[in-house]
**Student:** 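What follows is a single structure, and I will ask about it in a moment.
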Amino acid sequence: MEVKLDKGDAAKVTLLKRAWDTDEAGVVHRLLEYFEKGAEGPVVDASAVSVGVVRVHARYQGHRIAAEFDPGSESVTILSGPAAGHYKSPSGAATAVLQAYNPGIAPHRNGWSFWVVDASGARLQAIRGAQTSEAGK
């Protein structure tokens with residue numbers, strides 16, 4: 001199937017390709033999944049993340065960056081690579097990845113949508129606040 005885009009939409013697809021480190025088919029696939037599952041993405045069982053750390057990852061410029069998210073402190077530890085280290089927030093960790101792999105761009109990213117939960121494939125935002133909501137039960 002071939003889709004013809006006007007110049008403005010083609011520029012937006014190009015921007016998403018760079019942001020998501022994928023090709024046109026990957027952009028379409030990701031957008032379709034997003035709308036199929038709803039804006040919040042896949043549902044994640046909060047009890048699965050209420051104890052210990054949650055393995056997460058990001059894909060950026062052909063690299064898979066493995067990390068761990070601590071739901072209690074909402075901090076992220078990048079396990080290896082040029083951005084390895086402990087960060088106070090998902091966004092701080094995302095910024096470190098962009099600075100390490102592509103220092104020529106503005107490195108600011110929303111870490112809650114940058115990181116993906118290994119177990120579910122959901123964006124980290126799907127489990128945001130899971131520990132505190134579980135503790136209140």
**Student:** Can you tell me if W112 uses its side chain to pair, donor with acceptor, with the backbone of P90 under 3.5 Å?
**Tutor:**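 The answer is no, because no donor-acceptor pair under 3.5 Å joins these two groups.
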**Student:** Taking it one step at a time, do F69 and L124 satisfy side-chain contact (heavy atoms from CB on, under 4.5 Å)?
**Tutor:** CA-CA 9 Å; F69 171 70; L124 188 55; 3.7 Å; yes
**Student:** Roughly how far apart are W115 CH2 and Q125 CD, rounded to 0.5 Å?
**Tutor:**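 Atom-to-atom, W115:CH2 and Q125:CD are 14.5 Å apart.
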**Student:** Show the nearest heavy-atom pair for residues V53 and P71, with the distance to one decimal.
**Tutor:**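 Smallest heavy-atom distance, with atoms named: CA-CD, 4.3 Å.
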**Student:** So, do R55 and L79 sit near enough that their side-chain heavy atoms are less than 4.5 Å apart?
**Tutor:**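 Heavy-atom side-chain distance check passes, below 4.5 Å.
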**Student:** Under 4.5 Å between any side-chain heavy atoms of R123 and F114, yes or no?
**Tutor:**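 The answer is no, as the side chains (C-beta and beyond) never meet within the 4.5 Å cut-off.
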**Student:** Starting at CZ of R64, measure out to CG of D118 and round the result to the nearest 0.5 Å.
**Tutor:**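 Answer for the CZ-CG pair, R64 versus D118, is 5.0 Å.
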**Student:** First locate atom OG of S73, then atom NE2 of H86, and finally report the distance between them rounded to the nearest 0.5 Å.
**Tutor:**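 If I round to the nearest 0.5 Å, the distance is 5.5 Å.
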**Student:** Whether D70 and K88 form a salt bridge (side-chain N of Lys/Arg under 4.0 Å from carboxylate O of Asp/Glu) is what I want to check.
**Tutor:**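 Looking at D70 together with K88, the answer is no, because their closest N to O distance does not fall below 4.0 Å.
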**Student:** Can you measure from CD (E68) to CD1 (I78) and round to the nearest 0.5 angstrom?
**Tutor:**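 E68 CD to I78 CD1: 11.5 Å, rounded to 0.5 Å.
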**Student:** Let me have the donor-acceptor pairs involving side chains of residues 95-104, under 3.5 Å, with sequence neighbours excluded, atom names and distances please.
**Tutor:**
unit_1: T95; atom_1: OG1; unit_2: S91; atom_2: O; d: 3.0
unit_1: T95; atom_1: OG1; unit_2: P107; atom_2: O; d: 3.4
unit_1: N102; atom_1: ND2; unit_2: Y60; atom_2: OH; d: 3.2

**Student:** With a 4.5 Å cut-off on side-chain heavy-atom distances among I, L, V, M, F, W and Y, is there a chain of contacts connecting V116 to V54?
**Tutor:**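 No, it is not one cluster - the side chains of V116 and V54 are not joined through contacts under 4.5 Å.
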**Student:** May I have the list of side-chain donor-acceptor pairs in residues 2-9 shorter than 3.5 Å, sequence neighbours left out?
**Tutor:**
unit_1: D6; atom_1: OD1; unit_2: G8; atom_2: N; d: 3.1
unit_1: D6; atom_1: OD1; unit_2: D9; atom_2: N; d: 2.7

**Student:** Work out which heavy atom in S89 is nearest to a heavy atom in G92; give both atom names and the distance.
**Tutor:**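 Answer, listing the atom of S89 first, then G92: OG-N, 2.9 Å.
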